[in-house]
Amino acid sequence: MGSEGPSSPVTTVHVTGFKKFHGVAENPTEKIVRNLPSFMETKGLPKGLALGSCTVLEAAGQGALGPLYELLESTVSGRECGMPSQERVILLHFGANSGSHRFALENQAVNEAAFRCPDELGWKPQRMPIISSDGSILHARQTTLPVNEISKSLRQMGYDVMPSDDAGRFVCNYVYYHSLKFAEKHGIRSLFVHFPLFLAIDEEVQMQFVASLLEVLASLNIQ
């Protein structure tokens, strides 16, 4: 058996979830992200993968950008100092879709904030660009991770999961758009996953899904 040498790249995954929001008093992703470090410590991380930060974000857009960018910047701080690194970084964002009964891997985010209700800080933008310098509200940013391939692998493991091209126009899409722009700028990767409520898929299965997702991400042949 060969050992992990210094040239073997490590994939570091930073995970975020959200607190409660309008209509969802208990956000499953808050509990999943809070429990993930201890769950993976018991289960064991896939070879070549490190679990970086696990952060629960306020379910808010503009008013929560400060903490969001503080988190994003922390994931690349070593690179900014010019430190040589074989590390591959993935930003993995989890959000709830209360109307769904399956997991969804989001291909893209769109440059439009059109909140159907106020976020948790009272902001309710309508047809407004998320990043005005990106131009039109129709402008989309895609993940550089192979969403179809990841979905297929997870389906083969028995999960009800599908790729999606519509992350909505609420806080999930808002955070994902900022994350994708940041990832492109810094040469890292970002992926958003929508989770159903625990009423639709119970907590234990959802935790196992995350462990399987980390396993699939660790196995990807990405630079």
Side-chain angles (χ1 to χ4, degrees), residues 4 6 8-21 27-41 45-96 105-106 108-109 111 113 119-121 123 130-131 133-134 141-145 167 171-195 207 210-211 213-218 220 222-223:
E4 293 270 332
S8 302
V10 172
T11 299
T12 301
V13 180
H14 298 273
V15 186
T16 72
F18 286 109
K19 296 179 184 177
K20 68 176 181 68
F21 61 95
N27 192 322
T29 68
E30 176 174 8
K31 198 166 188 183
I32 287 166
V33 171
R34 289 202 194 284
N35 292 338
L36 189 58
S38 59
F39 183 82
M40 293 309 300
E41 189 177 340
L45 284 164
K47 183 179 177 182
L49 186 136
L51 189 60
S53 55
C54 289
T55 309
V56 179
L57 302 170
E58 194 75 56
Q62 197 171 59
L65 278 180
L68 174 64
Y69 271 89
E70 193 176 310
L71 167 69
L72 295 177
E73 294 288 352
S74 74
T75 68
V76 295
S77 55
R79 293 165 172 238
E80 299 306 292
C81 298
M83 291 166 58
S85 176
Q86 288 282 354
E87 179 193 42
R88 298 177 297 202
V89 175
I90 297 175
L91 305 169
L92 188 56
H93 304 288
F94 297 161
L105 306 186
E106 301 295 346
Q108 63 180 20
N111 191 31
D119 67 17
E120 289 303 292
L121 296 178
W123 189 48
I130 293 170
I131 297 177
S133 59
D134 275 1
R141 289 184 172 274
Q142 280 84 25
T143 180
T144 53
L145 286 166
V171 174
C172 293
N173 177 73
Y174 189 91
V175 166
Y176 195 22
Y177 193 86
H178 277 282
S179 179
L180 287 168
K181 185 179 176 77
F182 183 89
E184 181 183 44
K185 178 182 176 183
H186 292 276
I188 62 176
R189 294 166 191 269
S190 175
L191 178 64
F192 198 103
V193 184
H194 266 120
F195 287 68
M207 293 302 296
V210 175
L213 173 59
L214 293 177
E215 190 181 322
V216 173
L217 291 175
L220 292 175
I222 58 173
Q223 298 305 311

**Prompt:** Between CD1 of Ile90 and OG1 of Thr75, what distance do you get to the nearest 0.5 Å?
**Reply:** 11.5 Å
**Request:** Identify whether the distance between the nearest side-chain nitrogen and carboxylate oxygen of Glu184 and Arg141 falls below 4.0 Å.
**Result:** yes
**Prompt:** Will you find, in the side chains of Tyr177 and Asp134, an N or O donor that is under 3.5 Å from an N or O acceptor?
**Reply:** yes
**Item:** Heavy-atom pair with the smallest gap, counting every atom of Glu106 and Thr143
**Value:** O-CG2, 4.0 Å
**Request:** List the steps and the verdict of side-chain contact (heavy atoms from CB on, under 4.5 Å) for Phe18 and Val175.
**Result:** CA-CA 10 Å; Phe18 286 109; Val175 166; 3.8 Å; yes
**Asked** Looking at Ala218 and Lys47, what are the two nearest heavy atoms and their distance?
**Response** CB-O, 4.0 Å
**Non-hydrogen side-chain atoms of Phe21 and Val171 separated by less than 4.5 Å** = no
**Prompt:** Would a 4.5 Å heavy-atom cut-off, applied to side chains only, mark Phe182 and Ile188 as touching?
**Reply:** yes
**Message:** If we ignore hydrogens and angles and just use 3.5 Å, is the side chain of Thr12 paired with the main-chain N or O of Val89 as donor and acceptor?
**Reply:** no
**Message:** Between Leu213 and Leu92, is there a side-chain heavy-atom distance shorter than 4.5 Å?
**Reply:** yes
Could you pull out all donor-acceptor pairs under 3.5 Å where a side-chain atom in residues 52-71 meets a protein atom, sequence neighbours excluded?
| from | atom 1 | to | atom 2 | distance (Å) |
| --- | --- | --- | --- | --- |
| Ser53 | OG | His14 | ND1 | 2.8 |
| Tyr69 | OH | His178 | ND1 | 2.8 |

**Message:** Whether the side chain of Ser179 engages the backbone of Tyr176 through a donor-acceptor N/O pair (distance < 3.5 Å, no angle test) should be reported.
**Reply:** no
**Request:** Carefully, step by step, assess Leu36 and Val15 under the rule side-chain contact (heavy atoms from CB on, under 4.5 Å).
**Result:** CA-CA 9 Å; Leu36 189 58; Val15 186; 4.0 Å; yes
**Message:** With a 4.5 Å cut-off on side-chain heavy atoms, are Leu180 and Phe192 touching?
**Reply:** no
**Request:** Return yes if some donor-acceptor pair links the side-chain N/O of Asn27 with the main-chain N/O of Lys19 below 3.5 Å, else return no.
**Result:** yes
**Request:** Compare every heavy atom of Arg189 with every heavy atom of Leu145, then report the nearest pair and how far apart it is.
**Result:** CD2-CD, 3.6 Å
**Item:** From CA spacing to verdict: salt bridge (Lys or Arg N to Asp or Glu O under 4.0 Å), Lys20, Glu30
**Value:** CA-CA 8 Å; Lys20 68 176 181 68; Glu30 176 174 8; over 6 Å; no
**Asked** Between Pro28 and Phe94, is any pair of side-chain heavy atoms under 4.5 Å apart?
**Response** no
**Fill in**
Here the pair of heavy atoms bringing His194 nearest to Ala167 is CE1-O, 3.7 Å
**Nearest-0.5 Å distance, CZ of residue Arg88 to CG of residue Leu220** = 8.0 Å
**Prompt:** Are any of the side-chain heavy atoms of Ile131 and Asn111 separated by less than 4.5 Å?
**Reply:** yes
**Complete:** One should read off an interatomic distance between Arg34 CZ and Thr29 OG1, to the nearest 0.5 angstrom, of 10.0 Å
**Fill in**
Distance col, row Met207:CE vs Lys31:NZ, nearest 0.5 angstrom, shows 10.0 Å
